[in-house]
There are 2 protein chains.
Amino acid sequence: MLSNKCKYAIRAVLYLASQASATKMTHGTEIARLLKMPVAFTVKILQELAKKDLILSSKGPKGGFYINEQIKKLPIINIVNAIDGADAFHRCGIGLHKCSDDNPCPFHETFKAHREKFLSTLSSTTIGTFCIDFNENHFLYVQKEVV
Amino acid sequence: MLSNKCKYAIRAVLYLASQASATKMTHGTEIARLLKMPVAFTVKILQELAKKDLILSSKGPKGGFYINEQIKKLPIINIVNAIDGADAFHRCGIGLHKCSDDNPCPFHETFKAHREKFLSTLSSTTIGTFCIDFNENHFLYVQKEVV
DNA sequence: TTTAAATAGGACAATTTAGTCTTTTATATA
DNA sequence: TATATAAAAGACTAAATTGTCCTATTTAAA
Ligand code: SF4
Ligand code: SF4
């Protein structure tokens with residue numbers, strides 16, 4: 001459903017959101033190291049997020065990336081839209097054709113209901129709500145393979 | 001959730017299942033043409049499915065691919081397992097770490113419920129149940145981009 | 001028995017996604 | 001003002017996915 005790039009983006013944003021103050025900046029390499037993500041790729045993603053105003057950045061010594069209260073009020077889906085595009089949740093899981101709500105395949109009900117639910121959760125949960133103190137919930141931010 | 005390859009596989013199998021008799025074989029190029037899928041790739045996938053006993057094949061003139069009643073009793077998830085591997089449905093949609101049912105992130109409940117439901121539908125719906133007469137339901141088999 | 005039609009198999013090509021590396025630009029501070 | 005530090009930008013590389021193409025094998029039927 002979500003690309004790796006997008007998952008990296010979510011984790012990075014949540015980490016930044018967990019860092020309380022706007023004066024506390026973290027530079028890209030440190031974020032990548034802390035979250036065990038590929039360094040250069042992470043920095044690229046952070047730059048992309050900054051360009052799209054989902055995180056803030058500051059150049060120079062003591063610079064880095066950070067987040068403010070306003071951004072914390074944005075829903076998680078904004079990150080998905082920024083990285084994977086707005087139609088990431090509008091593609092069919094089976095991929096058939098010329099079907100619709102009126103003319104569905106046997107999967108339609110189940111598939112659509114759950115996609116909508118996932119989407120609505122991503123839309124109603126803000127970055128601030130999702131993020132929990134990093135030190136207490138370190139588990140949240142390091143990728144795993146299998147649930 | 002499912003790779004393109006896997007979606008092609010599902011569509012091809014459903015098409016074959018919709019062809020009533022075992023004597024009715026369809027050759028790969030025709031399947032690809034009918035379902036508007038890439039020809040050589042489709043044939044490759046059909047060969048892979050045949051090797052894994054999810055469809056049957058016969059060489060030579062009048063040969064092709066087909067399916068019997070026994071195969072129609074298999075659930076759709078078998079196709080997914082054959083093409084994308086058995087853990088396609090055991091990866092987290094967010095990709096965080098060291099979480100569990102006991103120690104979940106805010107998405108866990110929604111995400112897991114969604115995935116389990118989708119998986120159980122794929123597991124309980126057989127190829128035969130899913131397939132409907134092709135001529136009456138041509139819409140089922142041609143890929144679309146967006147719902 | 002020859003031939004043509006089909007799958008089987010494997011090498012190869014193209015595209016997308018994931019990721020690195022190098023140079024430029026901005027800025028805090030010594 | 002000089003310097004070091006960090007983001008910004010963009011060219012490049014690697015890997016995975018998605019596909020093509022060519023040859024071998026099997027088999028129905030003329
Ligand atoms: S009916 Fe719904 S689930 Fe089925 S192929 Fe169409 S969009 Fe996908
Ligand atoms: S708690 Fe569940 S949804 Fe959240 S990151 Fe872990 S496996 Fe994924």
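All chains are named by letter (A, B, ...) in the order of the sequence lines, taking the proteins before the strands, and each is independently numbered beginning at 1. This is a predicted model, so every value here is computed, not measured.
- In this structure, the nucleotide among D:dT18, C:dG19, C:dT7 sitting nearest to the side chain of B:F41 is D:dT18.
- Among the nucleotides D:dT18, C:dT20, C:dA8, the one closest to the side chain of B:S3 is D:dT18.
- C:dG9 atom C1' lies 16 Å from atom CD1 of B:I45, rounded to whole Å.
- Residues A:I79 and A:A9 come closest through the heavy atom pair CG2-CB, 3.8 Å.
- Residues B:T42 and B:G28 approach most closely at CG2-O, 4.5 Å, considering heavy atoms.
- What separates CG of A:L46 from C1' of C:dG19 is a distance of 14 Å, to the nearest Å.
- The base of D:dA8 sits with one of its N or O atoms less than 3.5 Å from a complementary donor or acceptor on the side chain of A:Q47.
- Between B:K59 atom NZ and D:dT23 atom P the separation is 17 Å, expressed in whole Å.
- Contact annotation for A:K5: backbone-only contact, meaning every heavy-atom pair under 4.0 Å involves sugar-phosphate atoms and none involves a base.
- Looking at heavy-atom distances under 4.0 Å, A:G63 makes contact with sugar-phosphate atoms alone, never a base.
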For this session: Apply side chain to side chain contact (heavy atoms under 4.5 Å, CB included) to the pair A:K5 and A:I45, showing each step before the final yes or no.
Result: CA-CA 7 Å; A:K5 190 180 173 191; A:I45 294 168; 3.7 Å; yes
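- Of the candidate nucleotides D:dA8, D:dG19, C:dA18, C:dA18 has the atom nearest to the side chain of A:N4.
- Here the closest non-hydrogen pair linking A:I71 and A:L54 is CG2-O, 3.3 Å.
- In this structure, CZ of A:R11 is placed 13 Å from P of C:dA18, rounded to the nearest angstrom.
- In this entry the distance linking CE of A:M25 with P of D:dA8 reads 11 Å, nearest Å.
- When the nearest nucleotides of DNA chain C are assigned to A:T42 and A:P61 by heavy-atom distance, the more 5′-ward of the two goes with A:T42.
- The nearest whole Å value for the distance from the NZ atom in A:K52 to the P atom in D:dA9 is 12 Å.
- Ion pairing between A:E48 and A:K52 holds under the 4.0 Å rule for side-chain N and carboxylate O.
- Counting non-hydrogen atoms under 4.0 angstrom, B:K44 reaches a base of the nucleic acid.
- In the set D:dT20, C:dA26, C:dT20, the nucleotide with an atom closest to the side chain of B:P38 is D:dT20.
- Per the geometry, NZ belonging to B:K62 stands 15 Å off C1' belonging to C:dT3, to the nearest Å.
- Remark: P of C:dT27 and NE2 of A:H27 are 18 Å apart, rounded to the nearest angstrom.
- At the phosphate of C:dA18, neither OP1 nor OP2 sits under 4.0 Å from any side-chain N or O atom of A:Y8.
- Within the nucleic acid shown, A:T29 has no heavy atom closer than 4.0 Å to any nucleic acid atom.
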